[in-house]
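The structure under discussion appears below in the form of structure tokens.
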Amino acid sequence: MRSRGRIFGIRKLIEHLSEDLEHVHADVERLKASSEKGSTETEEFKRGLEEVDEHLHDLLRHSEELKSAIPLAFLSEGDEAEIVEISGGGGLTQRLTEMGFTPATRVRVLKSSPPGPMLVSVRGSRIALGRGVAMKILVNGIRGSSIASGSSGKWEDF
């Protein structure tokens, strides 16, 4: 059962990246079609290229965030991070979202005693999380915290 949740989380991340790629592909196809018709009005074509560029930047940003993200469970007491993604199933993702664990939200580890649960602060609330749940919350270190300065914060470091 445990591996099924991990596979679901990875599938969800892949689906998100695939959607970004589909947007880029659709934009490029639209530009190709308009150029074949001979309707390459400079402003229209320029807008289309800007749209492609914007989608590519979103795709690159998201893939970089995911590459450098680590599970919340790997943080030590006092570390502060920003949530990137929740890679759990639908029920877990919904429950964590309802508790305030949303992307771009800051989370701080108040107490951590491996292999037991951890106490975190998110949006002004103190919440206890089991290690399994904390493994499904992917975060990036915030400048000044030990994970941002002590290591690159990448999976390979752990």
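Just so it is clear, the structure is predicted and the values come from calculations on it, not from any experiment.
- Thr97 meets the side-chain hydrogen bond (donor to acceptor under 3.5 Å, both in side chains) test with no other residue; sequence neighbours excluded.
- Listed here is the closest heavy atom pair of Leu75 and Pro71: CD1-O, 3.8 Å.
- Here the straight-line distance linking atom CG of Leu110 with atom CD of Glu80 works out to 10.0 Å at 0.5 Å rounding.
- Looking at every heavy atom in both residues, Val109 comes nearest to Ser76 through CB-O, 3.4 Å.
- In this structure, the side chain of Arg108 does not engage the main chain of Val120 through any donor-acceptor pair within 3.5 Å.
- Partners of Leu96 under the side-chain contact (heavy atoms from CB on, under 4.5 Å) rule, at least two apart in sequence or in another chain, are Ile86, Leu92, Met99, Phe101, Leu129, Val133, Ile137.
- Every residue meeting the side-chain contact (heavy atoms from CB on, under 4.5 Å) condition with Arg123, not counting sequence neighbours, appears here in chain and number order: Thr102, Thr105.
- If you take CZ on Arg131 and NZ on Lys136, they are separated by 14.5 Å, rounding to the nearest 0.5 Å.
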Step-by-step side-chain contact (heavy atoms from CB on, under 4.5 Å) determination, Leu138 to Ile70: CA-CA 5 Å; Leu138 301 177; Ile70 60 171; over 6 Å; no
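- In this view, Ser121 satisfies the side-chain hydrogen bond (donor to acceptor under 3.5 Å, both in side chains) rule with no residue, not counting sequence neighbours.
- We find the CG-CD1 distance between Leu72 and Ile83 to be 7.5 Å, quoted to the nearest 0.5 Å.
- Nearest approach of Met118 to Ala134, heavy atoms of both residues: SD-CB, 3.6 Å.
- Legend: residues meeting side-chain hydrogen bond (donor to acceptor under 3.5 Å, both in side chains) with Arg126, ordered by chain and number and at least two apart, are absent.
- When the side-chain hydrogen bond (donor to acceptor under 3.5 Å, both in side chains) test is applied to Arg95, no partner is found at least two apart in sequence or on another chain.
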